[in-house]
Amino acid sequence: MKIIIGSDHGAVALKEEVKMVLKEFSGVTVTDVGTFGTEAVDYPDIAEKVCGEIVSGNADRGIVLCGTGIGISMAANKIKGIRCAMCGDTYSARMSREHNDANVLALGGRVTGFGPAGEIVRAWMTTEFAGGRHARRVNKIMALENK
Ligand code: RB5
């Protein structure tokens with residue numbers, strides 16, 4: 001599975017931690033689109049870079065981070081084909097995969113600590129979409145893009 005990851009300046013440290021956690025998964029390759037320093041960047045630009053790789057088929061799923069996880073998740077969800085879930089707990093992370101087939105996970109670098117974030121990533125990486133009645137609802141979400 002190809003994972004693409006990116007953050008603004010508010011979550012560079014958490015991004016590095018998440019990359020360490022992703023090393024636990026065999027068969028997972030990670031591409032980091034930045035940012036890498038403390039200089040301020042605009043989170044919509046990072047969301048666009050990460051999500052662009054997913055909608056073009058170059059990556060399977062993405063992880064986006066900003067200070068709260070909120071702004072970057074809002075930006076990601078404006079991009080056609082993206083279902084981004086901002087998660088601060090493992091239950092939401094699991095459900096975002098099982099029920100919503102989230103293809104992008106958003107985390108807040110100023111909100112969620114390294115330990116909890118690692119558990120959220122593990123839950124999100126290991127949960128499959130359940131399909132069935134949830135597929136009908138996900139299809140309805142995607143249909144909203146064309147209204
Ligand atoms: C940047 O200061 C901050 O606004 C951003 O990281 C994020 O928290 C926005 O939602």
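Throughout, numbering of the chain's residues begins at 1 and tracks the sequence.
- I120 has its side chain within reach of L105: a pair of non-hydrogen atoms, C-beta onward, lies under 4.5 Å apart.
- R94 places no side-chain N or O within donor-acceptor distance of the main-chain N or O of T127, the cut-off being under 3.5 Å.
- In this structure, G71 and T68 approach most closely via the heavy-atom pair N-OG1, 4.0 Å.
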request  = Evaluate side chain to side chain contact (heavy atoms under 4.5 Å, CB included) for R122 paired with E24, printing each intermediate quantity in order.
outcome  = CA-CA 9 Å; R122 290 183 187 99; E24 294 170 11; 2.7 Å; yes
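- Of the possible donor and acceptor atoms, one in the side chain of R83 sits under 3.5 Å from a partner among the backbone N and O of D101.
- Atom CE of M1 is separated from atom CE of M125 by 4.5 Å, given to the nearest 0.5 angstrom.
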Compile the donor-acceptor pairs under 3.5 Å between side chains in residues 10-23 and protein atoms, sequence neighbours left out, one pair per line.
unit_1 : atom_1 : unit_2 : atom_2 : d
K15    : NZ     : D32    : OD1    : 3.2
K15    : NZ     : D32    : OD2    : 2.8
K15    : NZ     : T35    : O      : 3.0
E16    : OE1    : K19    : NZ     : 3.4
E16    : OE2    : K19    : NZ     : 3.2
K19    : NZ     : D32    : OD2    : 2.7

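- No donor-acceptor pair closer than 3.5 Å links the side chain of D8 to the backbone N or O of D42.
- When every heavy atom of P44 is checked against every heavy atom of A75, the shortest pair comes out as CA-CB, 3.9 Å.
- The CG atom of D60 lies 8.5 Å from the CD1 atom of I54; values are rounded to the nearest 0.5 Å.
- Clustering ILVMFWY residues whenever any of their side-chain heavy atoms sit less than 4.5 angstrom apart, transitively, puts V50 in a cluster other than the one holding V28.
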query = For N77 and I79, what are the C-alpha separation, side-chain angles and deciding distance, and is it a side chain to side chain contact (heavy atoms under 4.5 Å, CB included)?
reply = CA-CA 5 Å; N77 277 317; I79 297 167; over 6 Å; no
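- Counting heavy-atom neighbours within 6.0 Å of M95 CE, excluding the residue itself, gives a total above 12.
- Clustering ILVMFWY residues whenever any of their side-chain heavy atoms sit less than 4.5 angstrom apart, transitively, puts F129 in a cluster other than the one holding I3.
- Applying the ring-ring contact (aromatic ring centres under 6.0 Å, His included) test to pairs two or more places apart or on separate chains, none has a residue in residues 23-81.
- Among all heavy-atom pairs drawn from A106 and G69, the shortest one is CB-O, 3.7 Å.
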Atom pairs and distances, donor-acceptor, side-chain atoms in residues 133-147, under 3.5 Å, two or more places apart:
unit_1 : atom_1 : unit_2 : atom_2 : d
N139   : ND2    : A135   : O      : 3.2
E145   : OE2    : G81    : N      : 2.7
N146   : OD1    : K80    : NZ     : 3.2

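- Judged purely by atom type and a 3.5 angstrom limit, H9 uses its side chain to pair as donor or acceptor with the backbone of V41.
- Shortest non-hydrogen contact noted between C87 and L107 is O-CD2, 3.5 Å.
- Put simply, the residue from I4, V64, I72 that forms a side-chain contact (heavy atoms from CB on, under 4.5 Å) with V104 is V64.
- Between E53 atom CD and T31 atom OG1 the span is 7.5 Å, to the nearest 0.5 Å.
- Separating the CZ atom in R61 from the CG atom in N103 is a distance of 8.5 Å, to the nearest 0.5 Å.
- A 6.0 Å sphere centred on CD of E48 holds no more than 12 heavy atoms belonging to other residues, nucleotides or ligands.
- A heavy-atom distance below 4.5 Å is found between the side chains of W124 and I63.
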